[in-house]
Amino acid sequence: MKNPIAERITDFLKNYPPFSSLTYQSLLEIAKACHVLYLEKNQTLFKINDTTHAFFYVVASGAIGLSVTSDADDILIDKCDEGDILGLRPFFAKNNYLMTAKAREESIVYAIPIENFKPFVAANSEVLNFLLESFASNTRNPYDKHHKGKLVSENVIYNDQSSEIQYYQPIKYTSNPITASPTDIVKFVAQTMASSKIGSMIIHENNKPIGIVTDKDLRSKIATGLFSIDVTIDKIMSSPVITVADNLSIAEAQIMMLKHNVSHLCVTLDGTNDSEITGIITEHDIVVAQANNPGVLLKQSKRAQKSADLKEIREKLTDLIQHSLDKNVPISHITSIIGEINLAITKRAIELAIDKMDAPPPAQFAWMNMGSQGRKEQLLLTDQDNAIVFEDVPEEKYDAVKQYFLELAEKVTRTLNKVGYEFCPAQMMANNPLWCKSVTDWQQQFKGWINAPGEKGILMCTIFFDYDFVYGNEDLVDAISHTIHEETHDNQLFFAYLGADALKNPPPLGFFRQFLVESDGEHKDTFDLKGRALMPLIDAARILSLSKGIKNVANTISRYSKLAELEPQNAPVYEACADAFAELLKFRTEEGLKNESDGRYLNLSELSKLDKVKLKNDFQPINDIQEVIKNRFQLTYFT
Amino acid sequence: MKFNWFKKIIKDYPKFWETYLSYFDENQSKDKRYVVFDCETTGLDSETDRILSIGAVAIQNNQIIVGDFMEVFLQQDIFKPESVPIHGILKEGKEEKIVEAEAVIRFLDFVKDATLVGHHVAFDIEMINQALDRLEVGRLKNQVMDTDVMYQKLKYLPEEQHASLDELCDIYKIKKSDRHTASGDAFITAILFLKMKKQLMI
């Protein structure tokens, strides 16, 4: 009997390895035996230590996350998308699953009985190799060198790119280190250390470690005059040296160091003092091993040589955001760390661009980020908004100087675009002549916007008031801040305009507490999370902190906490706003990461009831803060 | 000894019908089985129109069992050219065709005592019942669930507000390939059923 459902599944499978190596007829046989599963978001397919199923699984739609548990935390190791295979473990091993597979979104999964698939594996060497290789290698698809694979091994082998999990990887260390014998003279040992650029040296006797000399020993025992420079090294070495066996994980190495309060570990053949030295592990090795550690990413961006390097860092950053969200790190911590790294990437992009210019900058300048970048709330890759301010130059040089900075900005924005930050559709970038000006011009510009506010001026203000100094001479930016502060101080008309603007965004909930969705256009029937929920909070924070004269704070959460400090009587409202903002931003980020979009529009039918209740609770502070603005700036009279 | 009033009547039924009825005698099997099915028909009048094809697939343990599947195409006495564009089944199409009696017998043998699931299932049930009537046996005894009614329950919709299979596919993001073949519709309905079953926590 024909089975069109099986045919349909066959048509799907044949596109993905290893099924692509099988004939249509064999695939049809396999498809006929398979089951189709539907998994709700967060539903578990199998858990660590579950006995293995009689099936392995292919994701037909949706996404399944693979995670391991350590210290009661789920650590995401890999995400399987359409066509990815998981749950291969029973093919090769009899013991239980080593990972947990959980749906990260609604998913449909084909379950293929292993009994039915085995004969094909045995008969087809290509299929067997594919499964074996992927089981043994780190990459998901051994055919693909760039980790874009279609197969997920069930072995506990970690992808290079996942961060926390690297703690459990074996650490890389220096093998065959330079050593000295106990009778060597301090001076010569120090010279060897200096010329080899190392900070420590193991002292051995018959190839067995008896002690170690580090920079610290030289500093505390020689430089202080405690010992003379020509004594033998055994007088000043630290002993015994802490020894470990090969194959130590990063976490273990770190724990050993902390436990013994040392910064170096000596690797020996069997891990004891009484065997041959094979290597040395230093604190530096541990730092290097944690590639996705924010600090290391920051360092890497400082050293990046081309836009491709920066792009790689930005990609790792996305992983870092995902991991942090999975581990429930507070969103304010995530934003500040990510903000710093984004900043470092932009800085480096500017430095690289300056190197490429024919001449050094002809005048002092400063690069500013604006909008979400300026507020350091950019978790997803959204577009770039930036501007340049340069110091006042004599009129005859003005054009040449401006030309230089425009060219520079052109290079920088292009690099940033390659890294993944889209060009601003409204051209609000430093390579636009309007956004590349001298200090005086900028001051005039802001005075104009503030004293003759109109629709356009107010829009510009909302973007430009959220600037953040990135690179160059900060005094130039401070000068502008000062002007803004002076001009806005007690400027009732301006605040009335800005206040009206802050209230113009439509409220998120209707009279019956239902979500108000977009009524037309491309995003019909979706909920505009940015426009209706995030923007009102951002706008409110901006106007209130401007009116309070808070300078140099652009981040929305920081603005609210600053406001709460200055106005204790309104603190509950401000704190509620900060919390709601963090929650909503997290929502948007998760949505964006899931759909690889900017997460602005939410599809309400995909939300669980719990999510909807959470969202609605987060909307309450919006009403409260808008009420505060209405009263404070007396907008009821104005509009 | 108890006297069985109905024994004589039951004896008059053909073998397949007795077998079918016998499935309901035993207690519920431990893994409840659902059969999602769909009939393509010559039209929407259950009296005069006839079944063109039946597609059905089983669900057990919240899994669609692809191998537990049936599809039959029926020989036609009545043929309406105007419905061909919808279902694509020609009178002399290439599929192997069997007579209605054979199809219905196979269907009963396939569904056994499973709960029948379908979209606007009442019509499909009625079509099968009409065919059973022509064989002079009783009507289907299976429990029935309708995905449209499930959706109404889920959204607290009034009874008179109906949603089409296409609409529900859009809402639940189900790919709509193979629409309007009996087995294609059965598969789509099965996925829809799994999703809503979970939401209704049945």
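By convention in this document, chain letters (A, B, ...) are assigned in the order of the sequence lines, proteins followed by strands, and residues within each chain are numbered from 1.
Without hydrogens or angle criteria, B/Q152 side chain to B/E159 main chain gives a donor-acceptor distance under 3.5 Å.
Contact count versus chain B (heavy atoms, under 4.5 Å) is highest, among A/I9, A/I5, A/L39, for A/I5.
Neither the backbone nor the side chain of A/A111 comes within contact range of chain B; no heavy atom of the residue lies under 4.5 Å from a heavy atom of that chain. Looking at B/L194, both its backbone and its side chain come within 4.5 Å of chain A, counting heavy atoms on both sides. Only the side chain of B/K173 comes within contact range of chain A, with at least one heavy atom under 4.5 Å from a heavy atom of that chain.
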Worked check of salt bridge (charged side-chain N to carboxylate O under 4.0 Å, His left out) between B/E126 and B/R139: CA-CA 9 Å; B/E126 191 49 36; B/R139 299 167 70 84; 3.1 Å; yes
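Counted within 6.0 Å of NZ on B/K155, heavy atoms from surrounding residues, nucleotides or ligands total more than 12; the atom is thus considered enclosed.
In terms of the salt bridge (charged side-chain N to carboxylate O under 4.0 Å, His left out) criterion, A/K47 has no residue partners (sequence neighbours excluded).
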